[in-house]
Engineer: 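This is the structure I want to talk about, given as structure tokens.
For the single chain, residues carry numbers from 1 onward in sequence order. Just so you know, these numbers use all the heavy atoms, side chains as well, and skip hydrogens, waters and symmetry mates.
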Amino acid sequence: SLRLPFIKEHNVVCGLNSNSLSFIQDLWSRQTQVVVIENAAHNSLLTKVRSLGVHVIIGDPSDESILKAANVGKASYFIAFSENDQDTCR
């Protein structure tokens, strides 16, 4: 599994959908480091995110080893997006 032990002051985005993709593209345009945690290895948006040079970790974002791989402890922000946009707003 991919580990990013040296990355810090980055943004961790959990869940890849159209809303999170727009958010990630905005962060990327500001030259902000982003790590995406996505549970579905076959998510069609992964190609787009990877083409931006964004780090992607495939796995369950509730799994401590996945969070450790994303170096969440040194992240500036941790943002979670759900498949249901209404859930995200709660």
Side-chain angles (χ1 to χ4, degrees):
S1 135
L2 175 67
R3 294 201 55 137
L4 305 167
F6 302 110
I7 195 169
K8 61 183 180 178
E9 298 178 7
H10 56 298
N11 295 280
V12 177
V13 177
C14 291
L16 188 54
N17 60 33
S18 59
N19 287 333
S20 63
L21 178 60
S22 295
F23 183 73
I24 291 162
Q25 288 173 317
D26 183 60
L27 291 172
W28 180 81
S29 72
R30 299 167 193 248
Q31 300 180 343
T32 302
Q33 289 191 84
V34 181
V35 175
V36 171
I37 300 174
E38 171 55 37
N39 211 12
H42 300 292
N43 185 322
S44 62
L45 299 175
L46 287 170
T47 303
K48 177 67 175 172
V49 169
R50 286 181 172 133
S51 74
L52 297 174
V54 171
H55 300 288
V56 175
I57 298 174
I58 302 297
D60 182 349
S62 66
D63 182 330
E64 190 173 326
S65 67
I66 296 296
L67 297 175
K68 190 178 247 186
N71 208 10
V72 169
K74 300 238 171 131
S76 295
Y77 295 97
F78 181 90
I79 306 102
F81 287 85
S82 74
E83 291 180 29
N84 183 335
D85 294 336
Q86 289 183 334
D87 288 344
T88 303
C89 296
R90 289 185 190 160

Engineer: Hey, could you give me the CD1/OG1 distance between I24 and T32, rounded to the nearest 0.5 Å?
Structural biologist: 12.0 Å
Engineer: When rounded to the nearest 0.5 angstrom, what distance separates CD in Q33 from NZ in K8?
Structural biologist: 10.0 Å
Engineer: Output the distance between atom CG (L27) and atom OH (Y77), rounded to the nearest 0.5 Å.
Structural biologist: 10.5 Å
Engineer: Show every donor-acceptor pair shorter than 3.5 Å between a side-chain atom in residues 37-44 and any protein atom, with sequence neighbours excluded, or say none if there are none.
Structural biologist:
from: E38; atom 1: OE1; to: L16; atom 2: N; distance (Å): 2.7
from: E38; atom 1: OE2; to: A40; atom 2: N; distance (Å): 3.0
from: N39; atom 1: OD1; to: D60; atom 2: N; distance (Å): 3.4
from: N43; atom 1: OD1; to: L45; atom 2: N; distance (Å): 2.8
from: N43; atom 1: ND2; to: L16; atom 2: O; distance (Å): 2.9

Engineer: List the atom of S20, the atom of G15, and the distance in Å for their closest heavy-atom pair.
Structural biologist: OG-O, 2.9 Å
Engineer: Where do Q25 and K48 come nearest, in terms of heavy atoms and distance?
Structural biologist: NE2-CE, 3.1 Å
Engineer: Compare every heavy atom of H10 with every heavy atom of A70, then report the nearest pair and how far apart it is.
Structural biologist: O-NE2, 2.8 Å
Engineer: Return the minimal non-hydrogen interatomic distance between W28 and L52, and the atom names on each side.
Structural biologist: NE1-O, 2.7 Å
Engineer: Mind listing the closest non-hydrogen atom pair of V12 and A75 along with its distance?
Structural biologist: CG2-CB, 3.9 Å
Engineer: Just to verify, what does F78 make a ring-ring contact (aromatic ring centres under 6.0 Å, His included) with, not counting sequence neighbours?
Structural biologist: none
Engineer: Are the side chains of S18 and L21 in contact, using a 4.5 Å heavy-atom criterion?
Structural biologist: no
